[in-house]
Protein chains: 2
Amino acid sequence: MEISEKNKSFVYHFGEMGSKWGFNRTVGQMYALLVITDKPITANELASTLNISRGNVSMGIKELQAWKLVQVTHVPGDRKEYYNAIGSVMDMANIVFEERRKREVDPTLSLLRNLLLDTPETDSEVYAQQRMKDIHDLLEMITTWASELQKLTPEQLNTVMKLGAGVTKILSVKQALFSKKENEH
Amino acid sequence: MEISEKNKSFVYHFGEMGSKWGFNRTVGQMYALLVITDKPITANELASTLNISRGNVSMGIKELQAWKLVQVTHVPGDRKEYYNAIGSVMDMANIVFEERRKREVDPTLSLLRNLLLDTPETDSEVYAQQRMKDIHDLLEMITTWASELQKLTPEQLNTVMKLGAGVTKILSVKQALFSKKENEH
DNA sequence: CACAAGTTTCAATAATTTCTGAAAGTTTAA
DNA sequence: TTAAACTTTCAGAAATTATTGAAACTTGTG
């Protein structure tokens, strides 16, 4: 499979980025290539295009499947497996966030809850626990919010996202509604 | 410096987590220890408490300072440097997000903008560019949102977070109000 | 200045992670 | 049932990253 210079720089860049987001370089490259390629690709094509071994591709695909980021398809009359990236870019982001929540945030919350169970004795224990509670509450707020957002339909989500700079305006609208309702009582 | 079993498990856990968030294990441990410790700590205390070398501490502190996550203080009549974690837990989260944006997202956006400059020729180029554009737009949206949220006061932020999916309700009300005003013209 | 009390640097080494490629495993079809 | 066409596995090699510790550096003080 031939790859253009542009696509090459995209693929290499996301290889490096991947390594900061929980994948290794080659897994990042494989996924990047799958994302920008229209038709499904075989393992051998991935290997030769990226100059990596066949075994490495096999393990990388396995990992991407564990992340639910790639799909296997078959071409009639062909025994090879064809791989492609699942869903829209937004879907991908959701999957990665969700999966990292499960792998990193959930165990952290569970540890923190445990550590927060019994009451602190000394001043320094009080301090440490307060910090742990702050971390716990922040993580919980972020994950709650994220899962709320994931409940929205794509259109609703889009509306909310486009809001951008307007968040504060919404707050004032809410304020207005709220005080109005209060007055009606 | 003595460290309780609880604090030890906190510190070790955040050492592992740190390695998924852009730090290495010992830097994560050092930071975790600084975060839950009330009074500032010396480099030698960090080294002996965490069983790591003095040189390692020196490099770790340097990195945490580059992230603007720790501060140096001095005790009168003492030549040693005392370190402590800067700000609230929310401040820390903001700093880490902001810094990762600078280091990872900004270069990615700049690469993508470059790749999107000239017009695609073939169908597969059109497809690749569309994907790159989707990624670009999503990253831009997320960073816009993040910087908006950072501008909010803790209370406002809390309101927005608690609002969650309820944002859409407010939005539809806003929509209604807006079109009413339009009609009044 | 000279020295003591500290911190930083960095070459060498250790630890960890990633990658390869050959062998083993699986599946389909004749 | 056999063989061809493919995929997976995994031990060892290579590459990368983290850590140590001793030497160099810096700074404050008598």
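Because the structure is a prediction, the values reported are computed rather than measured. Naming convention: chains lettered A, B, ... in sequence-line order (proteins, then strands); numbering from 1 in each chain.
Judged by closest nucleotide on DNA chain D, A:Tyr83 is the one of B:Met59 and A:Tyr83 placed further toward the 5' end.
Judged by a 6.0 Å distance limit and a 45° cone about the ring axis, B:Arg103 is positioned over the six-membered ring of B:Trp67.
Here D:dT17 presents its C1' atom at 11 Å from CZ of B:Arg25, a figure rounded to the nearest Å. Atom pair A:Leu50:CG and C:dT20:P shows a separation of 10 Å (rounding to whole Å applied). A:Gln65 places its CD atom 11 Å from the C1' atom of D:dT7, with the value rounded to the nearest Å. Rounded to whole angstrom, the span from the CD atom of A:Glu16 across to the C1' atom of D:dA15 amounts to 13 Å. The distance from atom CD of B:Glu63 to atom P of C:dT9 is 13 Å, rounded to the nearest whole Å. A:Met30 places its CE atom 14 Å from the P atom of C:dT18, with the value rounded to the nearest Å. Between B:His74 atom NE2 and D:dT29 atom P the separation is 11 Å, expressed in whole Å. In this structure, CG of A:Asn56 is placed 17 Å from P of D:dA11, rounded to the nearest angstrom.
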Give the table of side-chain donor-acceptor pairs shorter than 3.5 Å for residues 14-22 of chain A, with sequence neighbours excluded, one pair per line with atom names and distance.
residue, atom, partner, partner atom, Å
A:Ser19, OG, A:Glu16, O, 2.5
A:Trp21, NE1, B:Glu104, OE1, 3.3

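Between the side chain of B:Thr143 and the main chain of B:Leu139, a donor-acceptor pair closer than 3.5 Å is present. In terms of modelled atom types and a separation under 3.5 Å, the side chain of A:Ser9 and the main chain of A:Lys6 share a donor-acceptor contact. Looking at A:Gln129, its side chain does come within 3.5 Å of a backbone N or O of A:Asp118 through a donor-acceptor pair. A donor-acceptor pair is defined here as one N or O able to donate and one able to accept, closer than 3.5 Å; such a pair exists between the side chain of B:Glu125 and the backbone of B:Glu121.
Contact between the side-chain N/O atoms of A:Thr26 and the OP1/OP2 oxygens of C:dT18 is not found at any separation under 4.0 Å. Look at B:Asn24 and you'll find a side-chain N or O under 4.0 angstrom from OP1 or OP2 of D:dT19. Residue B:Lys62 places no side-chain N or O under 4.0 Å from the OP1 or OP2 atom of C:dT7.
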Atom pairs, protein N/O to nucleotides 2-6 of chain D N/O, distance under 3.5 Å:
residue, atom, partner, partner atom, Å
D:dA4, N3, A:Arg79, NH2, 3.4
D:dA5, N3, A:Arg79, NH2, 3.2
D:dC6, OP1, A:Lys80, NZ, 3.4

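Within a 6.0 Å sphere centred on CG of B:Asp123, other residues, nucleotides and ligands contribute 12 heavy atoms or fewer.
Using a 4.0 Å heavy-atom cutoff across all strands shown, A:Ile52 reaches sugar-phosphate atoms only and no base atom.
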